[in-house]
Amino acid sequence: MNYSHEEKYLMEKDPKLKNLILENKHIKVKKATKNYYHSMINLVISQFISTSAALSISNNLLKHFEDQYFKDKHFSDLSLVDIKKLGFSMNKAKSIKAITDEFQTKSFLNNMTLLSKDDFDLYLLSIYGVGPWTLNMFKLFTLGEKDIFSSKDAALRKAMQVYDMVPLSAKHDEYEVYSMLWKPYRSIACLHLWKSLD
């Protein structure tokens, strides 16, 4: 089996993660994407629900819009009530509206170019409905950053419990501390943890 440099490094660092990676086999990492709006809307859809449920909602919405990707024009002329009628909570509708406004005014793309990494993180967190989990998932799946871990992710916590990395009673910071074993490739470890639950 041809494992990546990152996977080999992780297997050397953590015997428990090694067992998991051997079970999963090699995972091919998707390349970073510049389709930022589509990614942000998908992340809002994914908040607090399972991956399969999020995929189903996303696919149904794209069929509704008769498009392959979410674009700001899909939501720009819709009211909060209209967006809610598409199957969202009011909070998610507000978040979609706020993200759409940022793209319509070009603020999102301008800030990506002009701001430092830390300042861009703060900017993203200032958008309604974007919290630490959404920020981390954007950095991992959209920007392709290799050292992202979020103890806010329930599936990651569950996988770490299943593989006896942390006790059931562990606090969030205990997950973070354990994840330090995997630096600087925590994103790759996350991909394996998620796959282990499939």
Ring centre gap for Tyr175 and Tyr178 strictly below 6.0 Å: no

Would a single hydrophobic cluster contain both Phe48 and Met137, if residues Ile, Leu, Val, Met, Phe, Trp and Tyr are joined by side-chain heavy-atom contacts under 4.5 Å? no

Heavy atoms, side chains only, cut-off 4.5 Å: are Leu191 and Phe141 in contact? yes

For the aromatic rings, using the six-membered ring if either is Trp, is the centroid distance between Tyr37 and Phe70 under 6.0 Å? no

Worked check of side chain to side chain contact (heavy atoms under 4.5 Å, CB included) between His26 and Asn2: CA-CA 7 Å; His26 167 64; Asn2 291 324; over 6 Å; no

Do the side chain of Ser58 and the main chain of Leu55 share a donor and acceptor less than 3.5 angstrom apart? no

Among Ile45, Asn42, Leu62, side chain to side chain contact (heavy atoms under 4.5 Å, CB included) partner for Ile57: Ile45

With Tyr9 as reference, evaluate Glu6, Glu12, Lys13 under the side chain to side chain contact (heavy atoms under 4.5 Å, CB included) test and give the passing residue. Lys13

If you count the non-hydrogen atoms of other residues, nucleotides and ligands that lie under 6.0 Å from OH in Tyr128, is the total more than 12? yes

Minimum heavy-atom separation for Met40 to Val130, with atom names? CE-CG2, 3.9 Å

Under the side-chain hydrogen bond (donor to acceptor under 3.5 Å, both in side chains) test, which residues partner Glu174, sequence neighbours left out? none

Would you find a donor on one side and an acceptor on the other, under 3.5 Å apart, between the side chain of Ser95 and the backbone of Lys92? no

Looking at CG of Asp72 and CG of Asp101, how far apart are the two atoms once the value is rounded to the nearest 0.5 Å? 10.0 Å

Does Lys84 NZ have over 12 foreign heavy atoms under 6.0 Å away? no

Could Asp153 and Arg157 be called an ion pair, given the rule that one side-chain N must be under 4.0 Å from one carboxylate O? no

Please determine whether side-chain hydrogen bond (donor to acceptor under 3.5 Å, both in side chains) holds for the pair Glu23 and His192, giving the CA-CA distance in whole Å, both sets of side-chain angles, and the decisive distance to 0.1 Å. CA-CA 9 Å; Glu23 283 175 29; His192 278 283; over 6 Å; no

Show your reasoning for whether side chain to side chain contact (heavy atoms under 4.5 Å, CB included) applies to Leu86 and Leu78. CA-CA 10 Å; Leu86 292 171; Leu78 300 182; 4.0 Å; yes

If you apply the rule side chain to side chain contact (heavy atoms under 4.5 Å, CB included), what do you find for Asn60 with Ser56, and how did you get there? CA-CA 6 Å; Asn60 288 336; Ser56 175; 3.8 Å; yes

Walk me through whether Glu66 and His74 qualify under side chain to side chain contact (heavy atoms under 4.5 Å, CB included). CA-CA 10 Å; Glu66 297 181 343; His74 294 149; over 6 Å; no

Evaluate Tyr185 against Glu7 for side-chain hydrogen bond (donor to acceptor under 3.5 Å, both in side chains), listing each step before the verdict. CA-CA 8 Å; Tyr185 302 125; Glu7 287 167 330; over 6 Å; no

Do Tyr69 and Phe65 share a hydrophobic cluster (ILVMFWY, side-chain heavy atoms under 4.5 Å, transitive)? no

Which pair of non-hydrogen atoms, one from Leu109 and one from Phe103, has the smallest distance, and what is that distance? CD2-CE2, 4.3 Å

Considering only NZ, NE, NH1 and NH2 on the basic side and carboxylate oxygens on the acidic side, decide whether Glu145 and Lys117 come within less than 4.0 Å. yes

Is there a chain of hydrophobic side chains (I, L, V, M, F, W, Y, each step under 4.5 Å between heavy atoms) that links Phe120 to Leu125? yes

